[in-house]
There are 2 protein chains.
Amino acid sequence: MIDPRLITLRVFARCGTIGATAELTGYSPSAVSAQLRELQRVLGMQLLTKDGRGLRLTATGRFLVAGSDPLIAQWENLRAAAMDAGDQVQSRFGLGGFSSAAAQLLAPLAATLRSTRPLLEVQVLEAEPARCFDLLIAERIDLAVIVAMQSDSYGEDDPRFEQRVLLDDPLDVIIPGDHPLASRQTATLEELASEPWITEAAGSTYHSLFTAAFTAVGVTPRIAHEAVEWETHIAFVGAGLGVGLLPRLAPLHGAENVVRLRITGQTKPTRRIVAAVRRGSIASPLIQESLGILQVNANRILTDRLNEDL
Amino acid sequence: MIDPRLITLRVFARCGTIGATAELTGYSPSAVSAQLRELQRVLGMQLLTKDGRGLRLTATGRFLVAGSDPLIAQWENLRAAAMDAGDQVQSRFGLGGFSSAAAQLLAPLAATLRSTRPLLEVQVLEAEPARCFDLLIAERIDLAVIVAMQSDSYGEDDPRFEQRVLLDDPLDVIIPGDHPLASRQTATLEELASEPWITEAAGSTYHSLFTAAFTAVGVTPRIAHEAVEWETHIAFVGAGLGVGLLPRLAPLHGAENVVRLRITGQTKPTRRIVAAVRRGSIASPLIQESLGILQVNANRILTDRLNEDL
DNA sequence: ATCAATCATGCATCTATTCTGCATGGTTAT
DNA sequence: ATAACCATGCAGAATAGATGCATGATTGAT
């Protein structure tokens with residue numbers, strides 16, 4: 001109910017270029033350019049200035065974008081309250097999440113919603129956590145399941161979002177089947193300090209998680225290889241190239257020559273998985289139901305693990 | 001920046017029929033019907049129900065309309081603050097007011113704005129006070145000069161508007177030139193109690209003002225004739241048909257056989273003239289400047305009167 | 001210094017939305 | 001029973017909006 005051109009401006013404020021805004025919103029660059037020009041005309045404000053080969057927000061533009069945060073939140077709030085009060089049904093619902101969350105949490109959620117609300121059109125997008133936030137801003141999705149990143153620019157108290165912790169997913173270590181420790185059930189990071197490690201490229205989502213785990217125990221690992229997909233990580237380990245960290249949620253499903261060990265010791269590295277929505281929308285019955293389903297699934301995963309560990 | 005369809009819904013909430021909404025917003029009835037249908041589809045809410053040959057808001061609809069008040073106010077607020085912070089210029093500015101205000105206050109305001117802000121497109125609409133509020137809701141105008149009506153549904157604390165008192169305009173009495181009191185400067189309402197009175201039709205803007213003036217002194221006037229325009233009032237008085245009340249702001253400009261007398265006594269009836277804007281927009285530099293100009297003009301009128309009275 | 005890459009924007013074209021005007025069906029009042 | 005009123009649907013028209021490519025400007029690399 002907020003003018004889509006203002007939404008576009010907010011997306012631009014996030015990514016800084018017309019092209020990226022177009023990619024994120026689903027418009028063409030020309031359309032974004034025209035929209036922002038029109039927005040300035042209608043409001044009678046100069047929101048953008050040329051800056052080199054790109055554009056930059058003016059002070060007025062930054063002011064407007066920052067001030068629109070509570071406006072969006074209030075609209076979401078009103079919408080949610082009206083849906084709740086009137087017992088109305090939503091037509092479209094967009095979900096976003098990163099790979100293992102998409103598989104383990106989002107897929108069951110979408111399936112459940114499809115049965116409880118047959119008229120609802122559910123769309124699931126697999127995307128990196130940072131992109132999930134952008135997609136929330138762009139209103140392409142309404143709920144995201146992501147890994148909480150303290151290093152990220154989206155803090156707990158960001159005025160644009162509200163977040164709920166779903167579960168803490170521990171990191172395991174995966175080692176080749178012919179490794180001396182392969183017969184063990186658990187290992188400590190110190191024991192594996194001298195191993196060649198496999199990680200993601202610096203700057204990626206999990207790299208900071210990786211380094212954080214090791215700095216916590218005062219060890220600097222030797223990074224031997226880099227991989228993006230967990231599949232690749234596992235394959236590298238199976239080929240005996242080194243050892244790696246693997247979140248418990250990521251399945252090993254019968255990989256050759258790979259063993260998963262629980263990490264013990266004073267620090268057990270985990271990644272925190274949270275659900276994020278646009279601020280104000282959390283009271284919506286659909287969001288509430290979804291969060292409930294997610295929480296049930298998360299709890300089931302946790303209790304399954306407890307039973308496994310016995 | 002709020003979706004125009006929501007604005008249309010708010011206007012509908014005021015007037016209750018598609019036709020009236022169309023008239024007020026400037027759309028055709030079909031367009032209004034289509035907009036509201038589309039709004040319900042997009043939001044996934046049922047906002048309207050059939051009620052006899054017309055439509056009625058559902059509980060959800062009323063909830064949404066009521067909840068949109070602060071949303072609109074917040075947007076106006078943001079817009080005003082951004083305009084103020086960025087020293088930006090507005091392109092369009094709509095003014096509304098009733099006849100004597102339009103002549104005495106709005107016309108000078110529009111003239112001043114045209115000279116101080118040549119790029120600004122100023123539009124003045126003459127309209128009854130109640131309609132001015134509707135036009136504010138419909139966003140056809142941005143500022144209205146109206147007579148404060150305690151009887152009206154638009155109170156001082158309406159969440160949709162903010163109001164500023166401009167001046168209290170006293171009511172004079174006009175009598176025929178051959179009337180026994182015509183040589184006097186002042187008169188009391190009691191002295192004129194038995195005269196045949198000329199007023200507006202019951203239910204009109206000034207009728208309540210008229211009766212309030214007399215109930216305050218405990219007199220029930222005999223209503224002999226009714227007229228809509230001040231011009232007609234004056235002509236009736238000039239023809240010797242009776243006496244009437246005339247606001248000081250309404251000019252007599254040399255009418256034949258009509259004398260204007262100040263009212264004295266314990267109660268001096270006045271009408272309060274206020275400026276009204278959409279809540280939140282009052283901080284806008286353009287609104288601020290306009291209110292300043294209006295106030296200056298109002299004060300000038302008051303001091304002119306003081307000098308006249310000496 | 002040249003070349004390539006990146007970025008925003010304008011224009012022509014097309015598409016989709018949205019509005020209008022009139023006709024229709026249902027509802028109330030005379 | 002007739003007339004007035006109200007909302008809505010449809011066909012046509014107008015308008016807004018999006019696309020895709022070409023252009024100009026700027027930056028960084030060779």
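Proteins come first, then strands; the chains are lettered A, B, ... in the order of their sequence lines, and each starts at number 1.
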Checklist entry - Which residue, A:Arg37 or B:Ser28, contacts DNA chain C at a nucleotide closer to its 5' end, judged by nearest heavy atom? => result A:Arg37
Item to check | Pairs meeting criterion salt bridge (charged side-chain N to carboxylate O under 4.0 Å, His left out) with involvement of residues 58-71 of chain B, two or more places apart | outcome: B:Arg10-B:Asp69
Checklist entry - How long is the line joining CZ of B:Arg5 and C1' of D:dA16, in whole Å? => result 14 Å
Checklist outcome for this item: Separation of D:dC6 atom C1' from B:Leu48 atom CG, nearest Å, is 14 Å
Next on the checklist: Heavy-atom nearest nucleotide on DNA chain D for A:Gly52 versus A:Pro29: which residue maps closer to 5'?
Outcome noted: A:Pro29
Next on the checklist: By nearest atom, which of the nucleotides C:dA8, D:dC10, D:dT26 is closest to the B:Ser30 side chain?
Outcome noted: D:dC10
Checklist entry - In terms of the angle between their ring planes, are A:Phe133 and A:Phe161 parallel, tilted or perpendicular, with boundaries placed at 30° and 60°? => result tilted
Checklist outcome for this item: Ranking A:Val32 and A:Arg53 by the position along DNA chain D of their nearest nucleotide, the one closer to 5' is A:Val32
Checklist entry - Counting side-chain heavy atoms from C-beta on, which of C:dT9, C:dT28, D:dT8 comes nearest to A:Leu55? => result C:dT9
Checklist entry - With sugar-phosphate meaning primed atoms plus P, OP1 and OP2, does A:Gln35 contact a base, only sugar-phosphate, or nothing at under 4.0 Å between heavy atoms? => result sugar-phosphate
Next on the checklist: Of the listed nucleotides (C:dT9, D:dT19, C:dA5), which one gets closest to any side-chain atom of A:Tyr27?
Outcome noted: D:dT19
Checklist entry - Looking at side-chain heavy atoms only, is the closest gap between B:Arg5 and B:Val42 below 4.5 Å? => result yes
Checklist entry - Within this structure, what is the CG-to-P distance between A:Leu36 and C:dT9, rounded to whole angstrom? => result 8 Å
Item to check | A:Ser33 (side chain) and C:dG10 (base): donor-acceptor pair under 3.5 Å | outcome: no
Checklist entry - Would you say A:Ser68's side chain and A:Leu71's backbone share a donor-acceptor pair under 3.5 angstrom? => result no
Item to check | Short N-O contact, B:Arg131 and B:Glu23, less than 4.0 angstrom | outcome: yes
Checklist entry - Could you state the CD-C1' distance from A:Glu23 to D:dG20, rounded to the nearest angstrom? => result 18 Å
Checklist entry - Once you round it to whole Å, what is the distance between C1' of D:dG9 and NZ of B:Lys50? => result 12 Å
Checklist entry - Can you check the A:Glu38 CD to D:dA18 P distance for me, whole Å? => result 10 Å
Checklist entry - Which listed nucleotide (D:dA7, C:dC22, C:dT9) is nearest to the side chain of A:Ile18? => result C:dT9
